[in-house]
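The structure under discussion appears below in the form of structure tokens.
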Amino acid sequence: MEFRLLGSVTVVAADGRELPAGSAKRRSLLAMLLLNPGAPVTVERLTETLWDEEPPRHSRTVIHNHVSGLRSLLTAHDAPAAGVELVTDNGAYRLRTPDQAVDTVRFDRLVARARSLDDAARAAADLREALALWRGPALAGTTAGLPLQSAARALEERRLAAVEDLARAHGRLGDHCAAAGLLHTEATADPLREPLVAHLMHALGRAGRRSEALDWFHRTRRALAEELGIDPGPELTDAYARLLRTDAPPGRPDAAPRPALPPGRSDRVPPARHPSDQEPPDRLAFDRPAFDPVPPTRVPTVGGLASVPDQRPAPAPVPAPVPVTARPPAAPAATAAQHTPWPFPRRPRGFAGREDELAALDRATAAPGAVALLTGGAGVGKTTLALSWAHRRHQDFPDGRLFVDLCGHSPLPERDTAAVLRELLLALGLPVERMPATAEAMGARYRELTAGRRMLIVLDNARRSDQVRPLLPDGDDCVTLVTSRDRLGGLVASDAARPVPLAELSSPQAVTLLAATLGPDLVAAEPEAAARLADLCDGLPLALRLAAARLATGPARALAALADELADEQDRLDLLDVEDTSVAAALALTVQHLGEPARRTFRSLGAHTGATLDSRTAAALAGCRPDEAAAALAQLATAHLIVQIGRDAYTLHDLVRLYARSLPGDTDTQVLPRLLDHLLNTLLTACAAAEPGSEPCCALPPGTRRPAEVRPFPDRASALAWYAAERDTLRGAVEAAVAAGLHDRAWRLVLLQWPLIVWQVRDGWAPLLEHGLAAAEADRDPGAQSRARALLGWVLLEEGRPDQALDHLERAPDLAARAGDGCAQAVALVNHAVALARHGDHAGRARVHGLLLKALSLAERAGRADLVGLARQHLAHECLAAGAHEEAAQHAARGLAVAEPPFPVTRRVVLQTLYGRALAATGHPEEAARHLGAALRTARAHQYGEGEAEAGAALRALSDGGAAVAGAVAPAVASPAAVAPGTAVSATAPGGPAYARPSTYPR
């Protein structure tokens, strides 16, 4: 796993995929943690980072939500296996990463190593490698807070220092032109940086370009006077004086070179007039080095549409930065009959970014006879990237470039192999009268004509491997670039094709594309709206270009207004439809080639309430067996309609989901009920794994379907991880159930999440619980209302809203009594008692004690050992605080008697610690030490940090005397203990050790 700060803040999985790091604030939090790798970052520092002005009232909750989201993302992609861990450390957060996982660390080490080397060539290589890590302005995509702005400026200073070091290394090697090219780019971007301009002047002077160097001095002098009202400093004036005293080296041209492009910038051209992600080129086109004409008029030919040549010579092409191979130029082959060259499609307009993918194509085409396979979903820009790369590398193919549209996913019929080969042979100059009669013979002649040539063959829009194989050229000097919406694994297996997957653009890349299409001024005027628009378009180049086209041709030119329109899911696809191009049409061409089971599964995905799914969820949606769903999902992933992110784990983008939802379905009206029932059954299984020994907080509603297969959870950790990963899906399911009037499902979907709610009690659960309470009221179920109020009250209490919390907690016991639900009443009483203990006065202790005794009686009457143990735990706390040490010892001992497996071992640690303290307070130090030692060992064995700390503190207090132990428990009673709707458990609220009391679960 890799983290990148030198550019947009991104997280990259082990397989090279960029992971969704989330909003600007979440990226900012991640950036601050990565800027301090392995060191604790306080909540106060994070607050200062995320909010420039007064932070919101619940800023700590917001920060914890972002930490939770990052933790879930990292866990879902095997971060622990990569040595990456996000931990809480005494009210702060610490992100532990391997040494080389953060690009800033790698950059600094490479620069430091280069500065220690005497060998200028090796130093230059290290510096080039370090500067190649930069993908744009540092910390892009984060908030504009002062801490990150300062950090970004510091990183930029380090980059510029490395650039100057590299220029010096080039100078030591005698390559002053290269040094000047580097410094020219930076000085153009920062013309008031006098030391940089001075270095550039020195390099230009040594390269024999003294007049250009003097011009830089006068230009900078004028800029300093006009913008800052100052004269040049000593460094700049000294460089000027030296130039005046130095003669230009003989034989060197004193002319300015073509300025180098800034790092991370591509050769951009004006925006494309056509709004699609690619201009539809001719289905077959060919060029020779002497021609690069404007696309001509199309006329009918034997094989379909072909191009009539335009013989006007084009300017000489720009040299490619790196050759495809290190091989010497191939000897000219025996050419076919002389012919007029067919033009290659022109360079796509408005192309921006994709530097990593261009570099990946460089690597994939470096081997002899390379076949590169560029794959990605509809509208992701495969053809645009392929053509842009082909134009950049024009001079690497002196014998020409050839382009074929195979129409694999197209409104036109798929191309016939014989027809394509015929056009290829004609393009290569074979006369019609010598054309072979069969496809096999054409293929042999095609391979003969391409053998020994250095050519590029672009096979665009392929659908199957067997469609491509007959069109592969022969010899080691040809490069083939195939684009496809399918993975074409057969081509990888048979012809060693090198896959280059093309994903959607990151948010900063998407904004750059908008700027290239609409103009930088428009985007710079509304940066937040541009970023929002990029997210709503899922980073899909086709969608971004369509949005730009709608904006450019509409009555208003406000990015924010268009983003507001696109935010409405009902209209989003309609808005991304301009003339004959649309996202829906592009996706339709992919869907129409699917088999019926995959099409049916795809249609059902429109009802899914989350962005991720597995084969069991897909089976519930489609109403089929899991193995059938798994096969359909594999086909959808191969077609890039969904993305596989793990074993039996997939994600789909919003635009794809909206398109699936828009498709005309069959008469199956049970898709949503099947999904809800699948989730309810999975939630029950997760509850049982997360809280072993507990009983469900609710039964399934009448008529619930049992899925063909329910996901198993081997342990508590796996269940909690699933809860966290599926939180958004479950929230969406609640909203969908309410909208459909399925209130009996809605409140159960909320309450069955209680293990995670209790575990992460300050993670912003109140809105969801309010939905659940409203659904329980609509369902007229007082027992459900009681449980919802008990849990909601506890969450509000932890969020620091005691008045609202007590309102819910006081009403919960009566609702449970009305429903005849003794267990729910016991839960409500315990919650109410703990809340009163925290926020009531000392005179209310008798009432707290009475509520807990009543809860204990109800739990014993219902035979619920888990509730009995919990009630006695809180009674022991309360009695210790009140000085009733004997009674505290009795409750703790009886609680221990029922806290045996399968109940969580952490509960036993809490009770045993309480019992040890009570024993110490009643004058039994030896027995107290035995129980406290056992609690300490158990907590340590199960990595229960808080329990270990509490037991250890009690043991240390015991060595100072029993009274100290009794005093140590006093603050614990006033501390919280979150009670769940099912088994009423306690847990420390995430976000820091706010309360010094033993809790049931380790963090």
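Asp126 contributes no side-chain N or O that, together with a main-chain N or O of Arg113, makes up a donor-acceptor pair within less than 3.5 Å. With Ser615 contributing its side chain and Ala630 its backbone, the two residues share no donor-acceptor pair below 3.5 Å. Remark: the backbone N or O of Thr938 is paired with a side-chain donor or acceptor of His942 at under 3.5 angstrom. Side-chain atoms of Ser718 come within 3.5 Å of backbone atoms of Asp715 as a donor-acceptor pair (strictly under, hydrogens ignored). Side-chain atoms of Arg27 come within 3.5 Å of backbone atoms of Val9 as a donor-acceptor pair (strictly under, hydrogens ignored). At distances below 3.5 Å, not a single donor-acceptor pair connects side-chain atoms of Thr617 with backbone N or O atoms of Leu613. Side-chain atoms of Thr601 never come within 3.5 Å of backbone atoms of Ala629 as a donor-acceptor pair (strictly under, hydrogens ignored). Looking at Asp538, its side chain never comes within 3.5 Å of a backbone N or O of Leu540 through a donor-acceptor pair. At least one donor-acceptor pair closer than 3.5 Å links the side chain of Ser494 to the backbone N or O of Gly490. Between the side chain of Gln943 and the main chain of Ala939, no donor-acceptor pair closer than 3.5 Å is present.
In this structure, OG1 on Thr49 lies 9.0 Å from CG on Leu33, to the nearest 0.5 angstrom. Distance check, rounded to the nearest 0.5 Å: CG of Leu46 to CG of Leu29 gives 4.5 Å. Remark: Leu374 CG to Thr483 OG1 distance equals 6.5 Å, nearest 0.5 Å. Rounding to the nearest 0.5 Å places CD of Gln644 at 5.5 Å from CZ of Arg487. The structure places OG of Ser484 at 12.5 Å from CG of Leu502, a figure rounded to the nearest 0.5 Å. A distance of 6.5 Å separates CZ of Arg106 from CD of Gln100, quoted to the nearest 0.5 Å.
Residues Arg711 and Asp648 are not paired through a salt bridge, judged by the lack of any N-O separation under 4.0 Å between the basic side chain and the carboxylate. Note on Arg731 versus Asp728: salt bridge recorded, some NZ/NE/NH1/NH2 to OD/OE distance being below 4.0 Å. Salt bridge annotation for Asp535-Arg532: absent, with no cationic side-chain nitrogen under 4.0 angstrom from a carboxylate oxygen. At a threshold of 4.0 Å, the pair Glu691-Arg716 counts as salt-bridged, since one of the basic side-chain nitrogens sits closer than that to a carboxylate oxygen. For Arg71 and Glu85, the salt-bridge test fails: no basic side-chain N is under 4.0 Å from an acidic carboxylate O. By the 4.0 Å N-to-carboxylate-O rule, Glu129 lies too far from Arg109 to be salt-bridged with it. Using a 4.0 Å cut-off between a side-chain N of Lys or Arg and a carboxylate O of Asp or Glu, Arg158 and Glu156 do not qualify as a salt bridge. Looking at Arg45 and Glu48, a side-chain N of the basic residue comes within less than 4.0 Å of a carboxylate O on the acidic one, giving a salt bridge.
Residue Glu528 places its CD atom among 12 or fewer non-hydrogen atoms of other residues, nucleotides or ligands, all under 6.0 Å distant. The 12-atom threshold is exceeded at CZ of Arg115, counting heavy atoms of other residues, nucleotides or ligands nearer than 6.0 Å.
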Show the numbers, then the answer: is there a side chain to side chain donor-acceptor pair (under 3.5 Å) between Asp103 and Trp134?
CA-CA 9 Å; Asp103 58 359; Trp134 285 75; over 6 Å; no

Before you tell me yes or no, could you show the steps for Glu357 and Lys382 under salt bridge (charged side-chain N to carboxylate O under 4.0 Å, His left out), namely the whole-Å CA-CA distance, both residues' side-chain angles and the distance that decides it to 0.1 Å?
CA-CA 10 Å; Glu357 291 82 357; Lys382 300 178 294 297; over 6 Å; no

Quick one: do His77 and Arg17 satisfy side chain to side chain contact (heavy atoms under 4.5 Å, CB included)? Show the steps, please.
CA-CA 10 Å; His77 291 87; Arg17 286 180 300 109; 3.9 Å; yes

Residue pair His66, Arg26: steps toward the side chain to side chain donor-acceptor pair (under 3.5 Å) verdict:
CA-CA 6 Å; His66 287 311; Arg26 186 165 297 178; 3.2 Å; yes

For Phe602 and Ile642: C-alpha separation, side-chain torsions, deciding distance, then whether side chain to side chain contact (heavy atoms under 4.5 Å, CB included) applies.
CA-CA 9 Å; Phe602 181 73; Ile642 60 176; 5.5 Å; no

Glu2 and Arg4: salt bridge (charged side-chain N to carboxylate O under 4.0 Å, His left out), yes or no, with the steps?
CA-CA 7 Å; Glu2 180 184 346; Arg4 297 176 180 174; 3.2 Å; yes

Could you check Ser68 against Asp763 for side chain to side chain donor-acceptor pair (under 3.5 Å), going step by step and ending with a plain yes or no?
CA-CA 8 Å; Ser68 260; Asp763 211 5; 3.0 Å; yes

Give the C-alpha distance, both sets of side-chain angles, the deciding distance and a yes or no for side chain to side chain contact (heavy atoms under 4.5 Å, CB included) between Thr142 and Leu139.
CA-CA 6 Å; Thr142 60; Leu139 308 181; 4.1 Å; yes

Should Leu34 and Thr104 be marked as a side chain to side chain contact (heavy atoms under 4.5 Å, CB included) after you check the CA-CA gap, both sets of side-chain angles, and the distance that decides it?
CA-CA 9 Å; Leu34 291 171; Thr104 52; over 6 Å; no

Show, in sequence, the C-alpha distance, side-chain angles and deciding distance for Gln509 and Ser506, and conclude whether the side chain to side chain donor-acceptor pair (under 3.5 Å) test is met.
CA-CA 5 Å; Gln509 288 175 322; Ser506 66; 3.2 Å; yes

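Annotation: side chain of Phe3 is not in contact with side chain of Thr10 (no heavy-atom distance under 4.5 Å). For the pair Val511/Leu533, no side-chain contact is recorded, criterion being any heavy-atom separation below 4.5 Å from C-beta on. Residues Ser8 and Arg135 meet the side-chain proximity criterion, which asks for heavy atoms closer than 4.5 Å. Residues Leu73 and Leu19 are in side-chain contact: their nearest non-hydrogen atoms beyond the backbone lie under 4.5 Å apart. Residues Arg485 and Thr375 fail the side-chain proximity criterion, which asks for heavy atoms closer than 4.5 Å. Side-chain atoms of Pro541 and Leu513, non-hydrogen and from C-beta on, do get closer than 4.5 Å to each other. Leu679 places a side-chain heavy atom less than 4.5 Å from the side chain of Leu749. In this structure, the side chains of Val12 and Met1 stay at 4.5 Å or more apart for every pair of heavy atoms.
Taking each heavy atom of Leu655 and Ala543 in turn, the nearest pair found is CD1-CB, 3.8 Å. Minimum heavy-atom separation, Pro37 to Thr97: CB-OG1, 4.2 Å. Listed here is the closest heavy atom pair of Ala372 and Thr365: CB-CG2, 3.9 Å. Considering all non-hydrogen atoms of both residues, Phe107 and Ala130 come closest at CD1-O, 3.3 Å. Of all heavy-atom pairs between Tyr723 and Gln753, the closest is CE2-CA, 3.7 Å. Contact record, Leu155 with Ala138: CD1-CB, 3.8 Å, taken as the closest heavy-atom pair.
The cationic group of Arg727 lies under 6.0 Å from the six-membered ring centre of Trp765 and within 45° of the ring axis, placing it in a cation-pi geometry.
A side-chain contact (heavy atoms from CB on, under 4.5 Å) with Tyr93 is found for one member of Asn36, Leu70, Val67, Val41 and no other, namely Val67.
Under 3.5 Å, the side chains of Thr729 and Glu726 contain a donor-acceptor pair of N or O atoms.
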